[in-house]
Each structure stands twice: as C-alpha cells, then as structure tokens.
Amino acid sequence: MTAAPAEFATQVVRWQKSHGRHGLPWQNTRDPYRVWLSEIMLQQTQVSTVLGYFSQFLARFPDVRSLAAASLDEVLALWSGLGYYSRARNLHRCARQVVELHGGEFPRTAELLQTLPGIGRSTAAAIASFCFGERVAILDGNVKRVLTRVLGFGDDLAVAAHERRLWDEATRLLPQRALADAMPRYTQGLMDLGATVCLARNPSCLLCPVSGLCVAQREGVPENYPVKSRKLKRSSQSLWLLWAQTRSGAVWLARRPTPGVWAGLYCLPVFDSREALEASLPAGPHAPLRDGAAFTHVLTHKDLHLHPVRVQLPRAVLGEDGDWFAADAWPQLGLPAPVRKLLGEG
DNA sequence: ATCCAGGGCC
DNA sequence: GGCCCTGGAT
C-alpha cells in the first residue's frame, strides 16, 4: 500500500458508517459480556449459525454471574451443535474467573483480557476496542485476508515470523490517536469488509472502499492472498458406536473423556473395532446386533467413519460415567452433532 | 461427494 | 505444529 495509513483507517471508518453491518444482536452495545459471548461464538463459526445460539445463551444467562453459577453440563448442552467444544469449557472457566478474580467485571484492557481462558490476542483486542475504545489491532482470518491484499503481503503466514510482521502492520494501520474514538467502528469495519466484500473466493472489489489503495487489486488477482503453505492432510479412522436401547427406548449415553474429540459431551459409547464393541456387552445372551448405515463425519484433521451398531438391552449399567436417557432428555444434553442427528433419525 | 473457512490451546 | 467441529460453497 503506497498511501498513508491514515487514509486506510479513514476510509474503513467512513465505509462502516454507510455500508457496514449495524443490526446484529451483539452490536450497539458496549456490554463486555455480550461482546465477549458473541466473539467466542463467532470464532470459526458463521454469523447465521451464531444468531440462534446467542439469543438462547442470553435468555438463559443474562450476565456473567449467571453463567458462572451454571453447571458445565448445562453450558455444554446449550452449546451442543456449535462445535469446538473447548470454547464452551473455556467460556465457563472464563466466566468463573471474571467473577472470582475480577469481581464480576471484565478487565478493561486487551492485555488483561488475554489472560482469561479462551481469549487470545485477537479476541482480546476485539473486546477492548469495541467496549473500551482501546487502540489495539485485531487479526482474525477475515482481517488477515483484507490486510494481506491491501498491503500485497505475500509472505507465507505459516511462518511465525511473517505472521508477527502482519500483526505489526495491523497495528501500524490503526486510526491515529486523535481518532481513538473511532476504534469500535474501525474494528467493526475491518470485520465487515472481510465478511461481506473482501471474500475468499469472489471479492467484490468494485464495492470496496479501499480498492484504490489495494496492491492485490492493482495486481489483478486478489485471491492470491493470503499465502498459506500449510496443507491440511487428513487421516482417516473408523469408529464403532454402540447404540444400546431399552425396550422403552432409553439410550445409553456416556461422557466423553477430556481432552479429545467431543470432550465432556455425552455420546454413544465409542470403540475402535466391532470386536471391542461386542466385548463390552454384558455377558450372557442378548438380542442380536443390528448394523446401521455407516456414515462419515469430518473433523479438521481426520475423517471419522462412524459405524452405528444397535442392540436392545435390559436396563443395567453398561459402564462408568454414563446413564440411560429417554428421548425427552436428549435435547438437554450436550451431544455431538452426528450423534444428535443419528438419534433424531432413529 | 469433496473442499474449504475459521482462533486458541497445549 | 497438532488438535478441535460444523456448515456452506462448489
């Protein structure tokens, strides 16, 4: 970018006023609790998905104290389906720390916010700039795309030193101190640009307020940025799910260990092989096993090939940390999305 | 069916 | 650098 940084910030702020997003439920507030809750939910998750969860959480937990007072189970149940469940566990831990270490008030600086569980550098900066007007840079995935394109920043972001340099650039581009009251709008403007204009696939450069400053636009192929060499290679794993049901329809669900996939959630018992699943059943005769249709569930780093195996069993204890749950109890449990889907179809 | 986007923790 | 989940685009 050849123009002065001030020009960039000015244009982003001006554009946010006229063309940014203004009606989202976590906007038009400086309540750190709402901003924090929305920022955690929006990590790795689309706005359209977050909307319903946000209102449910706010209805049940109107403030950080009510969230801190809740059980982790209840938080996981409300989070069920959003994914990345460590976010929910950290959300709960964070609420408790805010109450116990900070008297129920969120700290007012990015530096202190970042000491809390689940709040990294970018989320801390988002909260501090939105709620307290702090002059501090965010750098989430959307903003990385905007800044690498505007700057023509072609260094590989998989290299930690390059990523640090981009953080430095993000800080350099902040509104000047005289415009510090513009920080909430500037931060929101960067997010809105990345989410609605500077898209990964088909950027709408004709609608972009900084296309005149943008190196990538001048080069002609904005999609060339950002550069990330890290190639995800996904492994594959087969798992067998024991779908045990009583005659009345109750299903045995057990808590998943922490850490690991679906940590802390309730789930059908998981086995590495069909033999291991069979070996786990109570001794003596039981109803025949019925193999359900296998399906694939994709995680970031591996494809899980899930093989449900159904069996009817008497109501006896099947293992530790589990219980029989009737269908009307399932919605109150934290269940992984594929298990929720499976039970819903069954 | 396959690919891809998307922060923080350990 | 590996690990965590889901939904949307293609």
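Convention: sequence-line order gives letters A, B, ...; per-chain numbering from 1.
Distance from the side chain of Q46(A) is smallest to dG8(C) among dC5(C), dT10(C), dG8(C). With distances taken from any side-chain atom of D140(A) to the nucleotides dA9(C), dG7(B), dC4(C), the minimum falls on dG7(B). Across dC5(C), dA5(B), dG8(B), the shortest atom-to-atom separation from the side chain of R145(A) is found for dA5(B). Here the side chain of T49(A) is nearest to one of dG8(B), dG7(C), dC4(C), namely dG7(C). Closest contact between the side chain of R201(A) and the listed nucleotides dC4(B), dG8(B), dC5(C) involves dC4(B). When the nucleotides dG8(B), dT10(C), dC5(C) are ranked by their closest atom to the side chain of S122(A), dG8(B) comes out on top.
Across all strands, P117(A) comes closer than 4.0 Å only to sugar-phosphate atoms, never to a base (heavy-atom distances). Using a 4.0 Å heavy-atom cutoff across all strands shown, I119(A) reaches sugar-phosphate atoms only and no base atom. Contact annotation for P338(A): backbone-only contact, meaning every heavy-atom pair under 4.0 Å involves sugar-phosphate atoms and none involves a base.
The environment of D155(A) atom CG is dense: over 12 non-hydrogen atoms of other residues, nucleotides or ligands sit within 6.0 angstrom.
The interatomic distance linking Q114(A) (CD) with dG8(B) (C1') rounds to 10 Å, in whole Å. For the pair I40(A) CD1 and dG6(B) C1', the interatomic distance rounds to 14 Å; values are reported in whole Å. Here dG6(B) presents its C1' atom at 14 Å from CG of L199(A), a figure rounded to the nearest Å. One interatomic measurement links the two molecules: CD of Q237(A) to P of dC3(C), which rounds to 11 Å at whole-angstrom precision. Here dC3(B) presents its C1' atom at 14 Å from NZ of K228(A), a figure rounded to the nearest Å. In this entry the distance linking CG of L139(A) with C1' of dG6(B) reads 13 Å, nearest Å. Whole-Å rounding puts the Q97(A) CD to dC9(B) P distance at 11 Å. Atoms CD (Q44(A)) and P (dC9(B)) sit 11 Å apart, rounded to a whole Å.
By the 30° and 60° cut-offs, the orientation of the rings of F106(A) relative to W36(A) is tilted. Between H297(A) and W262(A), the two ring planes are tilted [angle within 30° to 60°].
Taking 4.0 angstrom as the limit, N90(A) places none of its side-chain polar atoms (N or O) nearer than this to OP1 or OP2 of dG8(B). A close approach under 4.0 Å does not occur between any side-chain nitrogen or oxygen of Q43(A) and OP1 or OP2 of dG6(B).
A salt bridge links E163(A) with K144(A): the closest approach of a Lys/Arg side-chain nitrogen to an acidic carboxylate oxygen falls below 4.0 angstrom.
Where N202(A) and Y85(A) each meet DNA chain C at their nearest nucleotide, the meeting point lying more 5' is that of Y85(A).
Each of F325(A), Y85(A), W330(A) was checked for a ring-ring contact (aromatic ring centres under 6.0 Å, His included) with Y266(A), and the lone residue meeting it is F325(A).
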